[in-house]
Amino acid sequence: MDDQVKIAVLQQKVDDLKPIIYKLDQTIEKLSEVNTTVSRMLAVHEERLSKSEEIDSVLFAKIDELRDKMDSDHNSVLSRLQNLEKKVWMGIGIVAVVSFLGQTTWFDLTTPPQQSKIVSSYDK
């Protein structure tokens, strides 16, 4: 009878452990599902990061090209402005010389020639 009691006690313990084992099985299944989901999410995020890095490299290349083009355009505009400035100063110089020469020529044309006083005193 002693063996039967032991078997009954063991049977009761096994019956008590069945729900716990069932819950452990469910928990293990849920953990594996979560693990699979997290793995998928990590793969998606890794793909997004790699695409983002590709986009960043393309954008940086475009920015470098744009900077080079802007430097070239800036140098071109600066050169054109310097040439224009030279032409303006040359024009101002020419106008100054022409106005000076024109003024002296105009002065010579508008003033009557003066006779020398020495010559006029002999005429009398």
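Owing to the predicted nature of the structure, the values given are computational and were not obtained by experimental measurement.
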Reported [atom1]-to-[atom2] distance for the pair [X] and [Y], which is rounded to 0.5 angstrom:
X   : Y   : atom1 : atom2 : result
R48 : H45 : CZ    : NE2   : 6.0 Å
K86 : L84 : NZ    : CG    : 11.5 Å
D15 : L10 : CG    : CG    : 11.0 Å
L17 : Q12 : CG    : CD    : 10.0 Å
N83 : E85 : CG    : CD    : 10.0 Å
D25 : I20 : CG    : CD1   : 12.5 Å

Checking the side chain of [X] only, and the main-chain atoms of [Y] only, is there a donor and an acceptor separated by less than 3.5 Å?
X   : Y   : result
S79 : N75 : no
S99 : V95 : yes
T37 : E33 : yes

Evaluation steps, side chain to side chain contact (heavy atoms under 4.5 Å, CB included), between D71 and R67: CA-CA 6 Å; D71 287 344; R67 184 186 61 232; 4.0 Å; yes
Pair D16 + K13: basic N to acidic O under 4.0 Å: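 No salt bridge links D16 with K13.
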K69 bridged to E65 by N-O distance under 4.0 Å: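 Between E65 and K69 there is no salt bridge, as every charged N stays at least 4.0 Å from the carboxylate O atoms.
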Residue pair I92, W89: steps toward the side chain to side chain contact (heavy atoms under 4.5 Å, CB included) verdict: CA-CA 5 Å; I92 289 172; W89 282 111; 4.1 Å; yes
Heavy-atom neighbours of E46 CD exceed 12 at 6.0 Å: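 Not more than 12 within 6.0 Å, no.
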Step-by-step side chain to side chain contact (heavy atoms under 4.5 Å, CB included) determination, R40 to T36: CA-CA 6 Å; R40 282 189 215 147; T36 305; 3.5 Å; yes
S72/D68 under side chain to side chain contact (heavy atoms under 4.5 Å, CB included): CA gap, chis, key distance, verdict: CA-CA 6 Å; S72 172; D68 292 343; over 6 Å; no
